[in-house]
4 protein chains.
Amino acid sequence: MAGSVNKVILVGNLGKDPEIRRTQDGRPIANLSIATSETWRDKGTGERKEKTEWHRVVIFSEPLCKIVEQYLKKGAKVYIEGALQTRKWTDQAGVEKYSTEVVLQGFNSTLTMLDGRSGGGGGSFGSDDSGGDFGTERAVSSAPRRAVAAGAGGRSNSDMDDDIPF
Amino acid sequence: MAGSVNKVILVGNLGKDPEIRRTQDGRPIANLSIATSETWRDKGTGERKEKTEWHRVVIFSEPLCKIVEQYLKKGAKVYIEGALQTRKWTDQAGVEKYSTEVVLQGFNSTLTMLDGRSGGGGGSFGSDDSGGDFGTERAVSSAPRRAVAAGAGGRSNSDMDDDIPF
Amino acid sequence: MAGSVNKVILVGNLGKDPEIRRTQDGRPIANLSIATSETWRDKGTGERKEKTEWHRVVIFSEPLCKIVEQYLKKGAKVYIEGALQTRKWTDQAGVEKYSTEVVLQGFNSTLTMLDGRSGGGGGSFGSDDSGGDFGTERAVSSAPRRAVAAGAGGRSNSDMDDDIPF
Amino acid sequence: MAGSVNKVILVGNLGKDPEIRRTQDGRPIANLSIATSETWRDKGTGERKEKTEWHRVVIFSEPLCKIVEQYLKKGAKVYIEGALQTRKWTDQAGVEKYSTEVVLQGFNSTLTMLDGRSGGGGGSFGSDDSGGDFGTERAVSSAPRRAVAAGAGGRSNSDMDDDIPF
DNA sequence: TTTT
DNA sequence: TTTT
C-alpha cells in the first residue's frame, strides 16, 4: 500500500543463544528470542508485579547474521528495529498455525548491541548493502538482494518447512 | 526487566470497520485490523509485486475507544503506537493457540487519524488519563487505571473467553 | 559511540514547496519545512490552544530528492524518519550560529507520502542504494556513497556557506 | 495540526552529570546532554572515522526529574523518547538565537536506564500522572498538568530568562 | 479485509 | 562532555 509504515522497536535481552540456520541455497537466517518486561506495583495488594513479553526476531541478512554469530549470546542486551510479519505454517499434526515475528531485513532494519559483555563491544549495524564509504562497522554489507527479496516477498516453503514456531 | 522497550509504530488503513466489545464490567475494548504493505518490482521478471501485512490492534482505553467508535471506519488511515503482546488462547476444539497483537494501553500509546474522510478530521490522541489542562482533543481521558492494569497484567479469562483470534 | 541510536519520526505537512539545491559537484540536497502541531483545551480559560513546531528536514540522497521534486509540494503530508544533526554556521555578520536539522541520509532513513494530493499517489521510499530486486518504487537507488558520506561526515564549507538557516 | 507526530528516540550516554533547576514556582526541570555517535571506515584512506552528535534533552516532569537526580550521572546510558522543540532566546548581547531540544513532557515521553552502573539498576519510566495501579517504578506520577501545559505551550520568560542554550 |  |  502506498503510504504505510510497519516498524517495531525493541530493547531487550536475549533469552538464549542465537540460533543460526541456513536455507538450502546457503543463506543464513538468525533467530533471536528477546524478552522485554514491565514492572508495576499492584495498587490493591501492593505487591510488585512483572510481566515479560517474549519476541521472536528473525534476521535475513548475511552480515547481520555474522554479527549475531560473533557477538550475541544469551543475556545480551540489544536494540533492534524491524517489521512485523505474520507467517502461516502447518504443524506435524497438519494443524494450521500462525506465528508473528519481528523481521530484520533490507533497509530500515537495525541491530545495536547495548552492553559490553560481548567481546566486540557495542556497535550499531544496518542491513543495507552499501559497501561505499562505510566500512564493516557502521553499515555491514548485506546479503545479495535476491536473498533479501526472497525473504521479504515470499519465503519459500522448502526453506521454511522445518521452521518450528516460537 | 529493567531497561526494556517494546514499541510498535504502524501507519496503515483499516481493513474493516472497528469492532468494539465490552468486558463484563463494562469497559470497552476496540479491535482494529490494519493493513500495511510494501511494493517492489521483481528484478528478474520485472513484474510489480506487493505484499500486505495485516495487524491486529487492540485498544484498552475508554476515551480511545470512543474516538475509534466516532471517527474510524473501514479504509481510514491511522498512525498508531503501541506494544507487542502475544496471548495464548484455546479454540473450540481445545487446541492451544497464540495470537500476537499490537496493544494500545496506558502511557506511550497513541492513535492519530491521518486522513480527512472521517467527519471529525484528523487528530491525535494519547491514552493517558490526565484530564488536567489538556482537553478532549489532545489527551483524552482514559479508562480507570484498574481497567488498564487488568488489561496489561492479566486479561482475565472471563473477559476473553469469547475472543476469536485474528 | 558503540551502541547508540539517533532517530526522529515525524508526520506532518510541508509548510512550503521543497527547495532543491545542488552541491558544486552536482549532488542534490532537498530541504523541507515540516509542521507538526498539538492542540489542547486550556483547563482554566477553556479556550482551544494550538502549538505548531516547525522542523527543518534535509535530504542527502539523489533518489529521494527526485521523489521530493516530483511529488511533494506545499501542504503535502509525509512520514519521515531520519536523524538529528546540529550544524554550526556563520552568518553574514560573522556571528556563529547553530541549526538543528532532521537529516535523511543513508540507511534507516525513510520518506513516505501520506496523502493523495500528489500526482503520483502515496508511496514509501528508503534511501538505500540497493538496486537489486527492489525497483524504483520501494527502495530507490541512492546517491553514490561517497556523496552520502561527505554529507554525513563533513558537509564542506564550500557547499554550505550559502546555507541560510531555518 | 490534526494528524501529526513529533517523536525523537535516542540511545546514548550522558556527557556530564544532569543539571536540575527549578522554576520560580518550584517545579524541577532537568537538562541532560546526551551523545550519540556513528563510526565508519573511510573507503579511500581506510581510516576509522567517528562522528558524535550531542543532544540537549529537557525534562519537564517532577517524577522523571527525581529519577534523573537519583540514578543518572555522567556516562550513564539511556533510552529516551520525547519530542523536538525549537526555542527562541536572546543572549546577553541582545542577539536572538534558537535552540532545538528534545523535550520529555506529558504522555508519550519515556526515559529508560540501560546500564547497571546506577545504584538503582535499569528501569523504565513514563511521564504520565496516572497514579492508579502502577507504582513508582513503572509509571511515576508526573508534575501537575498545569506545570506540564505551561512547559509545553509557553515556557514563560521569567522561568527561562536565565536559560543558557546548549 | 485496506490502500495505491 | 559520553561511549567503544
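- Stacking annotation: D/Trp54 is stacked on the base of F/dT1 (ring centroids less than 5.5 angstrom apart, interplanar angle below 30 degrees).
- Nucleotide F/dT4 holds its C1' atom 15 Å from the CH2 atom of D/Trp40, rounded to whole Å.
- For B/Ala35, the side-chain atoms get nearest to E/dT2 when compared with the rest of E/dT2, F/dT1, F/dT4.
- The nucleotide whose nearest atom lies closest to any side-chain atom of D/Lys74 is, among E/dT1, F/dT2, E/dT3, F/dT2.
- C/Tyr79 places its OH atom 18 Å from the C1' atom of E/dT3, with the value rounded to the nearest Å.
- Following rounding to the nearest Å, D/Asp115 (CG) and F/dT3 (C1') show an atom-to-atom distance of 10 Å.
- Rounded to whole Å, atom P of E/dT2 lies 20 Å from atom CG of C/Leu114.
- Between the CD atom of B/Glu50 and the OG1 atom of B/Thr52 there is a distance of 4.5 Å, given to the nearest 0.5 Å.
- D/Val8 approaches C/Leu84 most closely through the heavy-atom pair CG1-CD1, 4.0 Å.
- Under 3.5 Å, the side chain of A/Ser4 and the base of E/dT3 form no donor-acceptor pair of N or O atoms.
- Considering OG1 of C/Thr110 and CD1 of C/Ile9, their distance stands at 8.5 Å, rounded to 0.5 Å.
- Taking the side chain to side chain contact (heavy atoms under 4.5 Å, CB included) definition, one finds that B/Asp17 meets it with B/Lys73, B/Lys74, sequence neighbours left out.
- Between the C1' atom of F/dT1 and the NZ atom of D/Lys51 lies a distance of 16 Å, rounded to the nearest Å.
- Look at CZ on D/Arg56: it is 16 Å from P on F/dT1, rounded to the nearest Å.
- In this model, no side-chain donor or acceptor of D/Thr52 finds a partner on the base of F/dT3 within 3.5 Å.
- When rounded to the nearest whole Å, the span between NZ of B/Lys77 and P of E/dT2 equals 14 Å.
- Looking at B/Leu114 and B/Val78, their side chains never come closer than 4.5 Å, going by heavy atoms from C-beta outward.
- Following rounding to the nearest Å, B/Leu72 (CG) and E/dT1 (C1') show an atom-to-atom distance of 15 Å.
- If you check F/dT1, E/dT3, F/dT2 against the side chain of D/Lys16, the one that comes closest is F/dT1.
- For E/dT2, the base has no donor-acceptor partner in the side chain of B/Ser33 [N/O atoms by modelled type, under 3.5 angstrom].
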